[in-house]
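Note that the coordinates shown come from a computational prediction; the quantities given were computed from them, not determined experimentally. To find a chain, count down the sequence lines: A is the first, B the second, and so on, and within it residues start at 1.
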Amino acid sequence: MEQFLNTFFDFQFMADHFDQVLAGFWVTIKLSLVGGFFALIWGLVLSVMRQLPGKWLAPVRGLTIAYIDALRGIPLLLVILLLSAGLATLASEGTIPREIGIPNWLGESDPFWYGIMALTLTYGAYMAEVYRAGIEAVPRGQMEAARSLGMSHGQATRYIILPQAIRKVIPPLLNDFIALMKDTALISVIGLVETVQVGSDLYSEFFNPSGYTVGAFLFLIVTIPLARVVDMQIKKQDEKFQRGIP
Amino acid sequence: MSETDQNFMEKTDYAGPILKVTDLQKSYGKLDVLTGIDFELQKGELVCVIGPSGSGKSTLLRCFNMLEKPDGGTIELNGHEIFGAGKTRDLDLLRREVGMVFQQFNLFPHMTAEGNVSIAQRKVRNRRGAACRDRSVEMLNKVGLDDKIEEYPDRLSGGQQQRVAIARALAMDPEIMLFDEVTSALDPELVKGVLDVMRNLAEGGMTMVCVTHEMNFAREVADRVIFMDGGVIVEEGKPDDVLGNPQQERTKQFLGLVLAH
């Protein structure tokens, strides 16, 4: 037991290297917030494109569905590797501008931005499906009522359907955000020093895994309260539902 | 888009029916719902459509504002063809002129009564600020809900919700109002309030088509009653004739069933 505690909970080691892990966790937070923000928007765009009306827009709908299917079916790790290797190669060959192929925007490193792109592309697809469920849960009569008043499909979507749909999907979107936050750890494979990579570096240098433990706790400090928020939101919606409010 | 398409109601020398339907066809897959409907509506007229469920009466009503796209035939609004051989017109423009009230109310649950009545005025009619709000309050007044302006739909009874829905459609200044079994989802004691609003509208000269099961309402208020069955108009005429002295066997059977209880 003591051996176990010394291995995973070496408090002296934790205290000595807490700053490093915390710096890594700050990168994780930035990745989550920026990636989550773009994924939320990209997912909404995808879900609206998927619902566009009329036979002329069938190709748009088809392409959107194909995109969502593909990105939901490919491991995020693979997307990260593909993006970073692909863009870097294209940039070094001169096919695309260097500022785009090896981005260093706003003082962040290129692995950071590859990570943001991969999170946006993959989680945008996940979130598009969540939004779609929300849109489809809005009764058909809402769209009909809006159209019968002379609103266009776009106006009805913007002012009538989406405000109702988004309220319904806040809990599942938060769940996706928690998953996204944990998946930022995958970006360490292309050399980004975030929480997990800091733990690995400490382990390599000192043969002590307590750095990982600190990282795990830092994750839990954020993810457990978020999960509670999700539960509360769902409970609130259930109560509303039982009172018969759509 | 030619100039006449800009406004379906601009045609000053036109004196024909405000709505004219010829040989209208509609089917869902193999199920034929409308099999050749001819129908004319004069300005200021109130027509009640009755018939058994599945007779196609709601589908016919929903074709009038193109919520359902017909498979054949023609529809003319104020002399403009809105469905037929020619190109499809801008349906959003058409629908401004044709208000509709639904069986299930379909109020927007995330908006107050006033918000429900205002939203399309703002986005479609470009009415702003006080002009829009005043109009909404005026319409809610008209349906007797001046004390519910800031209430959300879930705080209103079914009858109140339905009256908000009527105000919402009226606020767009439609030329025609379509009512699709608007009292069928209401508790019996709430039906009268909604019917009274419709009576007032009719007395004000509004052109109306009402799909309804309220035979007394049809008898008292309608200028004309249409009995539909199996996707066709079986019988039509003055309310007293169709309801009091039906000529067709199917009409007699139907009325025997609904008036008996």
Discussion item. Return the CE to OG distance between B/Met172 and A/Ser148, rounded to the nearest 0.5 Å.
Written reply: 9.0 Å
Practice prompt. Return the minimal non-hydrogen interatomic distance between A/Ile160 and B/His110, and the atom names on each side.
Written response: O-CE1, 3.6 Å
Fill in: Side-chain heavy-atom pair B/Met100, A/Leu149 within 4.5 angstrom cut-off
no
Worksheet item: Quick check: are there more than 12 heavy atoms from other residues, nucleotides or ligands sitting under 6.0 Å from CH2 of A/Trp105?
Response: yes
Item to complete: Select one option (side chain, backbone, both, neither) describing which atoms of B/Arg168 are under 4.5 Å from chain A's heavy atoms.
Response: both
Practice prompt. To the nearest 0.5 Å, tell me how far B/Asn106 CG sits from A/Met143 CE.
Written response: 12.5 Å
Discussion item. So for A/Ala146, is it side chain, backbone, both, or neither that comes closer than 4.5 Å to the heavy atoms of chain B?
Written reply: both
Practice prompt. Any chance you could measure B/Arg62, atom CZ, to A/Glu144, atom CD, to the nearest 0.5 Å?
Written response: 4.0 Å
Worksheet item: Looking at A/Arg147, A/His153, A/Met151, which hits side chain to side chain contact (heavy atoms under 4.5 Å, CB included) with B/Asp92?
Response: A/Arg147
Worksheet, complete the sentence: On a heavy-atom basis, the closest approach of B/Phe108 and A/Ala145 is CE2-CB, 4.0 Å
Discussion item. Could you tell me if the side chain of A/Pro163 sits less than 4.5 Å from the side chain of B/Met111, heavy atoms only?
Written reply: no
Practice prompt. Pick one of side chain, backbone, both or neither for B/Leu178, based on which atoms fall under 4.5 Å of a heavy atom in chain A.
Written response: neither
Worksheet item: Under a 4.5 Å heavy-atom cutoff, which of A/Gly141, A/Gly150, A/Ala156 has the most pairs with chain B?
Response: A/Gly150
Item to complete: Measure distances from A/Gln155 to the heavy atoms of chain B and classify the residue's part below 4.5 Å as side chain, backbone, both or neither.
Response: side chain
